[in-house]
Amino acid sequence: MTEEKKSLNFIEQIIEKDLETGKFDGRVHTRFPPEPNGFLHIGHAKSICLNFGIATQYAGKTNLRFDDTNPSKEEQRYVDAIREDIQWLGFEWNEDVLFASDYFNNLYDYAVRLIKLGKAYIDDSTAEEIAASKGTPTVPGKESPFRNRSVEENLDLFERMKKGEFDEGAKVLRVKIDMAHPNMHMRDPVVYRIKKAHHHRTGDDWNIYPMYDFAHGYSDSIEGITHSLCTLEFEVHRPLYDWLIDALDLYHPQQIEFARLNLNYTIMSKRKLLQLVQEGVVNGWDDPRMPTISGMRRRGYTPESIRNFATGVGIAKRENIIDISRLEHSVRQHLNKITPRVMAVLNPLRLVITNYPEGKTEELSLINNPEMPEEGERVLPFSRDLYIEREDFMEDPPKKFFRLGPGRTVRLKGAYIITCDGMVKDDDGNVIELRCTYYPDSKSGEDTSGIKAKGVLHWVSIDHAKDVEVRLYDRLFNDEAPDGHKDKSFMDFLNPDSLKIITAKAEPSLLNAKPGDKFQFMRKGYFCADLDSTSENPIFNRTVTLRDGWAKARKK
RNA sequence: UGCCCCAUGGUGUAAUGGUAGCACAUCGGUUUUUGGUGCCGCUAGUCUUGGUUCGAAUCCAGGUGGGGUAACCA
């Protein structure tokens, strides 16, 4: 037995220490708290894998709780999409889905208790006045003229706020901490505001809604969360989180902050992703170019590959920018193992085997997946007239070009070895057809020809090939840090070639593909049948290209 | 400008007072009926100055650099 060396991230270390000291009676209970105001993206996947992963590791639980305290931005459809994405990623939340709005009554009661304790007050100041009186980091704020209202008056006003007697913005509930506090979040923060908006779950029941800081910590407390994991920008909120809970002497979860995921060539802000959707730059939240979970799903990413990526990047507190190649590696790694190999020609060039009988068709057997021999073989029609990839031919090729050129010999994958004897050009001098001869004794699997061919090309039989729509996706942005420029918008870095739609010639079996089915188009990349794909109108999305050693070599 | 956080190869992340390891990327080799995959290997790192210690990536202090933070958003 070899002893497994454990390598824990800093959060796991904290949890193991808590388990040892019995801080939470040996419980581990995390939560994933999205706001339903947009779709989940790959950054959320990191948080999801962390929260659910920790719970699994320590035999704990994870709540899915929607932080739905701002009805003007939140929608039911986002709730549905988020639930679907989490399930698709392979996680199960504890019991039912929870909502901060489930606790609106509790939260109201907490607010009342704070008022009764003299720790909260109603402020009639305008938003501008409150902002102005906050002071600056170096200048202490000024106390509101309404700060010392009586408990009775505060109670009365708060109840009337709830009843809807005042207009939006007329009054807020603030917590009474310290207007000179060095942490700006502690300068009497607003915790309840009037908002006469329709809430996607509570309808028009409420005229007032709690702010995030108020709702979040108390919700964690109500749910008995042990470790409340969040991103770094909430670090300065923690003192307020702690203050609010301690002010009412409630069960106290521990908030721990970690660094969010950043990917180069990608934007991760929900606001900016929404902008891409609203301005029609992409075709919705699930456009395969989006870094959203649903976009990646449509692109052909698997849950395994996303989980693998999200856990592989690690958890720490330092700012990080992950190279996009790491994401691509994780999906190639998985798709390599599971996808059947098929042949499709993206940019066809006609090739005629002059010594092959006209009208003859052979049924060739090809292995489906060399990584999984148990997946068996399929038959493929071979004939005299074929398509090969245009880029697999060069009229004047360099020595190291292991493909076709005048006089060059290659193997057609799973079929015969051929030699190129000539070509046909159009009036403009473009090569439109290759003339080749084949070696009948070189048939794949029963080759007695003794000829060795360095290159192997994929092909399809023209008479049997099917037209399929192929969507070639590339990165959405040309710049490593699209939103990292002070003088320019991320919109200035859009890649005009992020989507190219072509018609490819595919082997017949691809007509059977159902939406979501994944393939390796040999020598070209991994592709996934699109959501809208049908056998009448087959559509394939390129998930990612294959690694291309030749492309690298020729750059030099 | 206050307060808070952070600093290990190109990029991430380990080592928690005792051999700086792993992954991605890069480069080279090898295998291969995918220039894919697999396998092998090279290059390359503890921000800086001082202190504590037999011994410091690790502890302490100063510096430097980066990030966060002053919504009736989350």
Side-chain angles (χ1 to χ4, degrees), chain A residues 5 7-10 13 33-35 37 67-70 72-74 123 125-127 130-131 134-141 168-174 181-187 189-195 208-209 211-213 215-216 230-239 257 259 264 270-271 312-330 332-333 336-337 341 343 366-367 370-371 400-403 410-415 417 444-445 447 452-458 520-525 545-554:
Chain A
K5 224 181 205 171
S7 169
L8 303 177
N9 65 50
F10 80 99
Q13 289 173 26
E35 183 189 14
N37 67 342
D67 270 353
D68 54 349
T69 56
N70 186 358
S72 44
K73 286 189 179 171
E74 296 151 6
D123 195 333
S125 308
T126 65
I130 290 177
K134 279 248 161 122
T136 71
T138 44
V139 179
E168 284 190 17
K171 288 176 166 43
V172 292
L173 181 71
R174 297 177 73 180
H181 202 286
N183 181 341
M184 298 293 286
H185 292 278
M186 299 294 271
R187 321 247 264 223
V190 172
V191 294
Y192 254 98
R193 78 286 210 189
I194 299 169
K195 233 181 207 301
I208 55 172
Y209 292 92
M211 299 286 290
Y212 166 84
D213 284 311
H216 191 86
C230 64
T231 44
L232 252 27
E233 68 269 26
F234 293 102
E235 205 154 25
V236 287
H237 294 241
R238 178 154 36 90
E257 309 85 13
N264 58 10
K270 263 203 248 179
R271 202 200 92 237
V313 295
I315 301 294
K317 293 195 77 162
R318 77 189 84 119
E319 290 291 332
N320 60 83
I321 302 171
I322 311 290
D323 197 305
I324 193 80
S325 68
R326 189 160 185 145
L327 222 206
E328 293 176 345
H329 172 260
S330 74
R332 283 196 189 105
Q333 182 177 258
N336 174 54
K337 292 206 180 80
R341 272 58 171 171
M343 293 203 282
L366 271 83
I367 187 156
E371 304 285 324
K400 292 213 170 157
F401 187 75
F402 305 142
R403 308 182 188 182
V410 299
R411 172 175 290 283
L412 294 172
K413 176 71 190 178
I417 294 175
S444 187
D447 184 356
K452 52 184 194 301
K454 178 82 177 163
V456 178
L457 307 188
H458 64 283
Q520 185 195 104
F521 287 10
M522 291 204 88
R523 305 209 302 136
K524 296 272 78 173
T545 60
L546 254 29
R547 284 184 71 218
D548 190 348
W550 168 241
K552 280 178 195 161
R554 69 208 288 222

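Every chain is numbered from 1 and lettered A, B, ... according to where its sequence line falls, protein lines coming before strand lines. These numbers come from a predicted model, not from an experiment.
Across all strands shown, A/E371 has heavy atoms under 4.0 Å from base atoms, whether or not it also approaches the sugar-phosphate. Residue contacts for A/S444: at a heavy-atom cut-off of 4.0 Å it reaches a base atom on one of the strands shown. A/N9 comes within 4.0 angstrom of the backbone, heavy atoms only, and of no base. Looking at heavy-atom distances under 4.0 Å, A/G414 makes contact with a base. No contact: A/N183 has no heavy atom under 4.0 Å from any strand. In this structure, A/I321 reaches the sugar-phosphate backbone alone: every heavy-atom distance under 4.0 Å involves primed, P, OP1 or OP2 atoms, never a base. Nucleic acid contact for A/Y209: none, since no nucleic acid atom lies under 4.0 Å from a heavy atom of the residue. Using a 4.0 Å heavy-atom criterion, one finds that A/V172 contacts the bases of the nucleic acid, with or without backbone contacts as well. At the heavy-atom level, A/A316 lies under 4.0 Å from the strands shown only through sugar-phosphate atoms. Using a 4.0 Å heavy-atom cutoff across all strands shown, A/G455 reaches no nucleic acid atom at all. Contacts of A/L546 with the nucleic acid, taken as non-hydrogen atoms under 4.0 Å apart, include base atoms. Residue A/Q520 is in base contact, counting any heavy-atom pair closer than 4.0 Å across all strands shown. At a threshold of 4.0 angstrom between heavy atoms, the contacts of A/I315 are confined to the sugar-phosphate backbone, with no base atom among them. A/F401 comes within 4.0 angstrom of a nucleotide base, judged by non-hydrogen atoms across all strands.
Atom-to-atom, CE of A/M184 to P of B/rC73 comes out at 17 Å; the value is rounded to the nearest Å. We find that CD of A/Q333 is positioned 15 Å from C1' of B/rA25, with the value rounded to whole Å.
The side chain of A/P137 lies closest to B/rA70, out of B/rG67, B/rA70, B/rU33. Distances were taken from every side-chain heavy atom of A/V456 (C-beta onward) to each of B/rU33, B/rC5, B/rC72; the shortest belongs to B/rU33. The nucleotide whose nearest atom lies closest to any side-chain atom of A/F402 is, among B/rC24, B/rA71, B/rG35, B/rG35. Side-chain atoms of A/E74 lie closest to B/rA74 of the nucleotides B/rA74, B/rU34, B/rC4. In the set B/rG35, B/rG36, B/rC5, the nucleotide with an atom closest to the side chain of A/W550 is B/rG35. Checking B/rC72, B/rA70, B/rC5 against every side-chain atom of A/V190, the shortest atom distance belongs to B/rC72.
One N or O donor and one acceptor, one from the side chain of A/R411 and one from the base of B/rU33, sit under 3.5 Å apart. A donor N or O paired with an acceptor N or O is not found under 3.5 Å between the base of B/rU1 and the side-chain atoms of A/T136. Side-chain atoms of A/H237 come within donor-acceptor range of the base of B/rA74, with a qualifying N/O pair under 3.5 Å.
In terms of phosphate contacts, A/R547 brings a side-chain nitrogen or oxygen within less than 4.0 Å of OP1 or OP2 of B/rU26. Between B/rA15 and A/Q13, a contact under 4.0 Å exists linking OP1 or OP2 to a side-chain N or O. Between A/T69 and B/rA74, a side-chain N or O to OP1/OP2 separation shorter than 4.0 Å is present. OP1 and OP2 of B/rU13 both lie 4.0 Å or more from every side-chain N or O belonging to A/R326. OP1 and OP2 of B/rG35 both lie 4.0 Å or more from every side-chain N or O belonging to A/K552. Distances shorter than 4.0 Å separate some side-chain N or O of A/H329 from OP1 or OP2 on B/rC24. The phosphate of B/rG35 (OP1 or OP2) has no side-chain N or O of A/R403 nearer than 4.0 angstrom. Residue A/R332 places none of its side-chain N or O atoms closer than 4.0 Å to OP1 or OP2 of B/rC24.
The environment of A/I321 atom CD1 is sparse: at most 12 non-hydrogen atoms of other residues, nucleotides or ligands sit within 6.0 angstrom.
Applying the side chain to side chain donor-acceptor pair (under 3.5 Å) criterion to A/H237, with sequence neighbours excluded, gives A/D213.
With C1' as the reference atom, B/rC42 and B/rU49 are 34 Å apart, rounded to whole Å.
Here the closest non-hydrogen pair linking A/F10 and A/I315 is CE2-CG2, 3.9 Å.
Donor-acceptor pairing under 3.5 Å is recorded for the side chains of A/R523 and A/H458. Side-chain atoms of A/T545 and A/K524 include no donor-acceptor pair closer than 3.5 Å.
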